[in-house]
Amino acid sequence: MTVQIDHALEEIRRFRPSPEFAANAVADAGLAEAAQADRLGFWADQSRELLQWEKPFTKTLDWSNPPFAKWFEDGELNVAVNCLDRHVEAGNGDRVALHWVGEPGDTRDITYAELTDEVKRAANVLTELGVGSGDRVAIYLPMIPEAVVSMLAVARIGAIHSVVFGGFSADSLASRIDDAEASLVITADGGYRKGKVFPLKPVVDEAIGKSVAGSVKNVLVVRRGENEVAWNDRDLWWHDTVGAASNEHEAESFEAEHPLFILYTSGTTGKPKGILHTSGGYLTQAAFTHKNVFDLHPETDVYWCTADIGWITGHSYVVYGPLANGATQVLYEGTPDTPHPGRWWEIIEKYRVSIFYTAPTAIRSFMKAGRHIPQAFNLRSLRLLGSVGEPINPEAWIWYRHVIGGGSIPVVDTWWQTETGAIMISALPGITDLKPGSAQVAIPGVSIDILSDDGTPVEGVDGGLLVVTEPWPSMLRGIWGDPERFKETYWEKFGDKYFAGDGARRDEDGDIWLLGRVDDVMNVSGHRLSTAEIESSLVAHPWTAEAAVVGAADETTGQAVVAFVILKASQAERVTDLAAASDELRKHVATQIGAIARPRQVFIVNELPKTRSGKIMRRLLRDLAEGRDIGDTTTLADTSIMQTISDQVK
Ligand code: 6R9
């Protein structure tokens with residue numbers, strides 16, 4: 001039985017949009033009304049308005065064979081033309097598409113006309129190399145303009161890209177190359193990270209050596225790191241080929257359901273899943289959400305999403321959404337603290353960034369370092385902030401709004417997944433009253449519900465499982481090569497409703513609160529407690545910068561709450577008695593949420609285990625809390641961290 005506890009964390013803070021913001025906001029209440037009245041008609045209208053269709057569609061959705069959806073299926077378009085050529089044709093060729101900043105400090109401003117030109121050249125090279133419609137191309141690049149060019153060139157010729165994050169090992173790259181049977185790999189000699197060149201081409205060589213599919217015919221190499229690389233017959237330099245290619249390229253149009261990309265994401269078990277996205281529906285929702293959730297005014301805004309293109313956020317909100325909307329954006333190669341801890345803020349000041357989209361893990365690490373760092377820069381160009389990747393603790397939300405946003409600008413917390421392709425739950429700036437810590441409401445045209453395990457809707461504030469009840473344009477179309485796994489993972493549980501794998505609850509206002517992955521929701525003496533909620537309580541304590549909470553097996557209570565806490569830099573010196581400090585933090589949670597949530601233990605540590613995309617890996621902390629051997633750490637950004645933490649805990 002789930003007993004309702006008093007949510008002391010129930011946020012009472014509400015932030016009305018300012019009248020000035022609301023007056024100029026892109027989104028209006030009409031969107032939700034239109035979607036409510038005719039959901040499919042709404043998406044059809046959005047798609048026609050936001051995209052250029054070479055052959056207009058007449059059908060909006062075919063859901064006759066769930067879970068296999070077809071959106072806009074008789075329409076034809078070219079995704080790259082939508083992101084490039086049409087802006088040039090509309091007279092915006094001179095608008096900057098990318099303000100690129102290399103980690104060592106080199107910069108390039110690239111206009112829409114120049115980007116279009118470069119993509120056409122690259123498309124010609126791909127065709128010359130024998131890459132055709134439907135062929136797979138693996139992209140293993142740092143955050144340099146050629147990464148964007150490569151993705152769009154692949155899309156332009158109807159091939160399918162599989163971007164592999166540059167931090168992944170040769171083994172991970174090999175298994176992704178093999179699963180998709182990629183015929184071409186686009187890489188660089190190396191890229192910059194933390195002030196050093198990290199080699200990429202050698203990793204590609206090793207991966208191809210390990211590949212069992214033997215599908216790779218060529219490797220196209222961008223010169224970036226100037227590090228020495230071995231050279232094989234199959235290798236070609238980007239500057240020799242793309243640099244010399246013709247910039248004339250007639251783009252073919254492809255059916256709306258033509259595959260656009262595969263992106264691998266780790267499942268709870270087994271090998272990574274190749275999430276498949278297609279063209280028309282994906283681009284519609286990426287463009288719609290980018291425009292309305294970020295309140296994009298493409299003529300005046302400078303937008304910056306800090307995600308790497310190796311993640312879905314980089315696909316939808318660095319490449320496809322912003323470029324489809326003709327936005328000007330910053331693209332940064334390196335880490336936030338190189339060569340100094342204020343690097344991001346320096347970039348915002350320099351380019352007068354107005355819309356900024358990042359992850360809670362980054363925000364919390366800035367909280368840990370102290371507000372004096374951002375406060376040394378002029379950030380007043382900012383007018384909207386976004387968050388993605390994990391629940392954002394209310395305290396981190398407030399810090400973000402005040403310290404980065406100057407105290408009055410909207411912060412949108414956007415919930416979505418690799419599988420959903422685009423934002424699904426978010427406030428709409430200018431319309432929604434903002435509530436720190438809650439992702440709030442489904443975007444217009446998306447239907448979300450919270451169900452109990454047996455599929456009945458959960459009323460009130462008891463937690464349940466988040467589902468999407470109707471197909472949406474940017475939904476995944478499958479798992480590459482494994483339709484059974486697709487059905488099993490997402491659709492078996494609730495029939496034709498999509499099971500997201502996240503726990504959630506709705507408050508009295510109908511706002512949605514994400515509680516963490518289903519595995520992360522704890523059960524303590526029959527009370528359903530969320531890791532997210534207790535972490536937020538800990539982060540609300542003035543000493544705490546970051547916290548991770550797990551449910552560890554406990555003989556009496558079933559599970560017990562165990563917390564791992566990082567103190568703020570400014571507090572760490574002051575707190576000398578660690579036992580007393582953990583006691584204070586345990587009491588704090590009990591006062592804020594209730595005695596039932598009081599952690600059995602609070603460990604004060606220096607680091608938390610995180611994936612390369614910044615999500616806390618609670619599974620490993622649970623191993624530690626339950627005294628087991630630490631499981632597989634290969635997906636951690638820093639594999640030595642678990643050793644450090646377990647030493648500290650002992
Ligand atoms: C976009 C992205 C998806 C998982 C998702 C959820 C968590 C993402 C969130 C959030 C709470 C948010 N997540 N955004 N949780 N609030 N605003 O991150 O995709 O890497 O596939 O991760 O991330 O648990 O299920 P992906």
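The residues of the chain are indexed from 1 along the displayed sequence. These numbers were taken from a predicted model, which means no experiment stands behind them. Order of appearance sets the numbers: ligands from 1, and atoms from 1 within every ligand.
- Looking at Q417, E390, H315, it is E390 that brings a heavy atom closest to atom 16 (N) of ligand 1.
- In the vicinity of T414, heavy-atom distances shorter than 4.0 Å reach the ligand 1 atoms 9 (C), 12 (C), 14 (N), 17 (N).
- What sits closest to atom 18 (O) of ligand 1 on the protein, heavy atoms only, is K615 NZ, 2.9 Å.
- Using a 4.0 Å cut-off between heavy atoms, T313 contacts ligand 1 through its side chain alone, with no backbone atom that close.
- Where the criterion is an N or O separation shorter than 3.5 Å, residue side chain and backbone included, R517 meets it with respect to ligand 1.
- Between W415 and ligand 1 there is a heavy-atom distance shorter than 4.0 Å.
- Figure legend: R176 and F168 shown as a cation-pi pair, the cationic atom lying under 6.0 angstrom from the six-membered ring centre and within 45 degrees of its axis.
- Interface atoms of ligand 1 facing I312, defined by a heavy-atom separation under 4.0 Å, are 1 (C), 19 (O).
- Heavy-atom proximity to atom 26 (P) of ligand 1, evaluated over I423, D502, T418, is greatest for T418.
- Ring geometry, F261 versus H161: the interplanar angle falls under 30°, so the pair is classed parallel (tilted spans 30 to 60°).
- Atoms of ligand 1 lying under 4.0 Å from any heavy atom of G389, numbered from 1 in the order shown and given with element: 7 (C), 8 (C), 9 (C), 10 (C), 13 (N), 14 (N), 18 (O), 23 (O).
- Here the options are K610, R517, R364, the test is salt bridge (Lys or Arg N to Asp or Glu O under 4.0 Å), and the partner is E390; only R364 passes.
- Using cut-offs of 30° and 60° for the angle between ring planes, the Y490 and Y498 rings count as parallel.
- Looking at heavy atoms from C-beta onward, W71 lies out of side-chain contact with T284 at the 4.5 angstrom threshold.
- When non-hydrogen atoms are compared, ligand 1 lies under 4.0 Å from the side chain of L514 (C-beta onward) but not from its backbone.
- Scanning all protein heavy atoms for the shortest distance to atom 3 (C) of ligand 1 gives W416 O, 3.7 Å.
- The parts of P391 lying near ligand 1 are both backbone and side chain, judged by heavy-atom distances below 4.0 Å.
- Annotation: side-chain contact (heavy atoms from CB on, under 4.5 Å) contacts of A439 (sequence neighbours excluded): D413, W415, I425, L514.
- Ring pair Y357/Y317 is perpendicular by interplanar angle, where above 60° counts as perpendicular and below 30° as parallel.
- Summarising the local packing, CZ of R612 is surrounded by more than 12 heavy atoms from other residues, nucleotides or ligands at distances under 6.0 Å.
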